[in-house]
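Report on the structure given below.
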Amino acid sequence: MENKNLSRKEFLSITGKTAAVSAAASLPLSALTTTDLFGQNAGKTTSPPASVPQAQDEPIVLEKWKSDVDQQSGPTPTPMPPGGRIRYAVVGLGHLALEEILPALSTCKKSRLTALVSGSPQKMQKVAAQYGIKPENCYSYQTYDQLKNNQEVDVIYIVLPNALHKEYVIRGARAGKHILCEKPMATSSKECEDMIAACRSANVKLMIAYRIQYEPHNRKLRELIKTQTFGIPKFIEASNAQSSANPAHWRFKKALAGGGALPDIGLYCLNTNRFILGEEPIEVFAYQYSTPGNPLFKEVEELISWQMRFPSGVIASCASDYNVHESRRYRVLCDKGWLNMDKAYAYKGQKLTTARAEGMMEKQEEISLAEKNQFALEIDHFSDCILHNKEPFTPGEEGLQDHILMEAIYQSAKEGKPVKINGQGKPPQRGPEPKLD
Ligand code: NDP
């Protein structure tokens, strides 16, 4: 019997079994045979072999059908049931919170958004409706301390201008909540020390949101350096630069930002160099410049360029600029090749390339890993630390170390000479390596 003249309605009225219908109905009618129509192939609507581990964090492994010629898809996700996830209050609904953090929280596996804090009731009402946040879980800066009584919040995530981090971290810790704080941690090393002490005395965890340390391409590059796949690293050039407008924005007010290009974006060069090398600078030397008369740079620097010397002999040459077209990259020169990261500090699109000699050739390769949301990885790492009582991989001490170095960089630029760093290049203590799945 030919079927192609049957309407879909006729087809459905002939077939009796739901399972057969649901499978066959997704096929074009011309692809169906008589046996399909009478449900005789219903037995083919059946689950292929799959491994289904009992443990919540073990992925379901589905039957493979792609050959190894293609890049394989990652393991299936292992989200926790929503009721078991760590619950977050996000403080400050600006660019980063609305554009990156709230969407990332929706894709997290161990974390979820349960509360908001904002100075704008109108904005917060709209955001609360978008993300299903109860009105009673919405706070102002005045009612912030009442989070203490909210049993639906485990973590407070501070996404405010830099100079407000200290106050809201300390108040949040006193409310008995764990704290995730945006970078830069504060506006001085002294503030960082106070924040660490407050979290310690309140017995809550403190993590600084250094997303690059959770981003797969940057982590891969770090592994290639550690295993000396391209030999011994000797020199790094790194820059993070972008353009700016609107002198009224807090980023151009020293009292709110703490500095200009350095703490905002130059910090990525500083922190990522320390991360990929696994050692600490022992000396820095810097220059800075701001175009005279440009209202953006009346209070904060436009351009900062600095060198860092590491105990192993590596020298890193870094630059950050607030007044050029966007560029975010670094290159590690090793004695047997180089590793290059374009879009290194961007929210996505990292491009890792490597080069080494092979006989008469120079072999250049691109290492492309599955794109993952680095904000979600970072947030889930903190949730994992809370669930399993571990120290975060990027604790407050990591933020403090960057502030000590930034203070030395400014001092060097001011004095026009190198500044030695106390601490003998010893890395700050951090928690175990994150398990990023
Ligand atoms: P925005 O200016 O876009 O947002 C800051 C928000 O803070 C405002 O929208 C406002 O929220 C609240 N706020 C409270 N008091 C003030 C004040 N006096 N002036 C201005 N805003 C105030 O900043 P971003 O979101 O870009 O940055 C926030 C933090 O996140 C900074 O510490 C920054 O360094 C960091 N950041 C980190 C990035 C990363 O990749 N990890 C990237 C970008 C920023 P409301 O109206 O709800 O009260």
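Order of listing sets the numbers, starting from 1, for every ligand and every atom in it. Basis for what follows: all heavy atoms, side chains included, without hydrogens, waters or symmetry-related copies. Positions are given from 1, in the same order as the sequence printed here.
Counting atoms of ligand 1 from 1 in the listed order, those under 4.0 Å from a heavy atom of His249 are 2 (O). Annotation for ligand 1: atoms under 4.0 Å from non-hydrogen atoms of Ser118 are 45 (P), 46 (O), 47 (O), 48 (O). Residue Lys183 approaches ligand 1 through these ligand atoms, each under 4.0 Å from one of its heavy atoms: 32 (O), 33 (C), 34 (O), 35 (C), 37 (C), 41 (N). Near Trp250, the atoms of ligand 1 lying under 4.0 angstrom from a non-hydrogen atom of the residue are 1 (P), 2 (O), 20 (C), 23 (O), 27 (O), 31 (C). Interface atoms of ligand 1 facing Arg211, defined by a heavy-atom separation under 4.0 Å, are 39 (C), 40 (O), 41 (N). Close approach of ligand 1 to Tyr347 (heavy-atom distance below 4.0 Å) involves ligand atoms 40 (O), 42 (C), 43 (C). Close contacts between ligand 1 and Glu182 involve ligand atoms 30 (O), 35 (C), 36 (N), 37 (C), 38 (C), 39 (C), 41 (N) [criterion: under 4.0 Å to a heavy atom]. Ligand-side atoms of ligand 1 in range of Pro184: 34 (O), range being under 4.0 angstrom from any heavy atom.
There is no side-chain donor-acceptor pair under 3.5 Å between Ser118 and Ser120. Arg430 and Gln213 share a donor-acceptor pair across their side chains, judged by distance under 3.5 Å alone. Side-chain contact, Glu152 with Asn137: a donor N or O sits under 3.5 Å from an acceptor N or O. In this model, a donor atom of one side chain and an acceptor atom of the other lie less than 3.5 Å apart for Tyr157 and Glu182. Looking at Asp380 and Ser111, their side chains do bring a donor and an acceptor atom within 3.5 Å of each other. Tyr345 and Asn271 form no side-chain donor-acceptor contact under 3.5 Å, judged by distance and modelled atom types alone. Inspection of the Thr291 and Glu302 side chains reveals an N or O donor paired with an N or O acceptor under 3.5 Å. For Glu398 and Thr394, the side-chain atoms include no donor-acceptor pair closer than 3.5 Å.
Ranking protein heavy atoms by distance to atom 32 (O) of ligand 1, first place goes to Asn162 OD1, 2.7 Å. Protein heavy atom nearest atom 18 (N) of ligand 1, with residue, atom name and distance: Leu256 CD1, 4.1 Å. Of all protein heavy atoms, the one lying nearest to atom 46 (O) of ligand 1 is Lys123 NZ, 2.7 Å. For atom 11 (O) of ligand 1, the nearest protein heavy atom (residue, atom name, distance) is Leu93 N, 3.3 Å. The nearest protein atom to atom 29 (C) of ligand 1, hydrogens excluded, is given as Leu160 O, 3.4 Å; this is a heavy-atom distance. For atom 28 (C) of ligand 1, the nearest protein heavy atom (residue, atom name, distance) is Val159 O, 3.4 Å.
Judged by the 6.0 Å distance and 45° axis criteria, Arg171 is not positioned over the aromatic ring of Tyr139.
In terms of polar-atom proximity, defined here as any N/O pair under 3.5 Å, Gly92 makes no such contact with ligand 1. The shortest N or O to N or O distance between Leu96 and ligand 1 is below 3.5 Å.
Put simply, the side chain of Lys148 never gets that close to the backbone of Gly172: no donor and acceptor are under 3.5 Å apart.
Of the candidates Pro161, Gly94, Gly119, Ala248, Pro161 brings a heavy atom nearest to atom 7 (O) of ligand 1. Looking at Leu164, Leu116, Ile208, it is Leu164 that brings a heavy atom closest to atom 15 (N) of ligand 1. Of all the listed residues (His95, Glu100, Glu99), His95 holds the heavy atom that lies closest to atom 3 (O) of ligand 1.
Look at Tyr141 and you'll find a heavy atom under 4.0 Å from some atom of ligand 1.
For His388, the side-chain hydrogen bond (donor to acceptor under 3.5 Å, both in side chains) partners are Asp384, not counting sequence neighbours.
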Applying side-chain hydrogen bond (donor to acceptor under 3.5 Å, both in side chains), run through Ser320 and Tyr268 and close with a yes or a no. CA-CA 9 Å; Ser320 184; Tyr268 285 92; over 6 Å; no

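When the shell of 6.0 Å around CD of Glu136 is examined, it contains more than 12 heavy atoms from other residues, nucleotides or ligands.
In His165, the part holding a heavy atom less than 4.0 Å from any atom of ligand 1 is the side chain. With a 4.0 Å cut-off on non-hydrogen atoms, Arg251 touches ligand 1 through its side chain and not its backbone. Of all the heavy atoms of Tyr268, the ones lying under 4.0 Å from any atom of ligand 1 belong exclusively to the side chain.
Ring pair Phe252/Tyr322: centre-to-centre distance below 6.0 Å.
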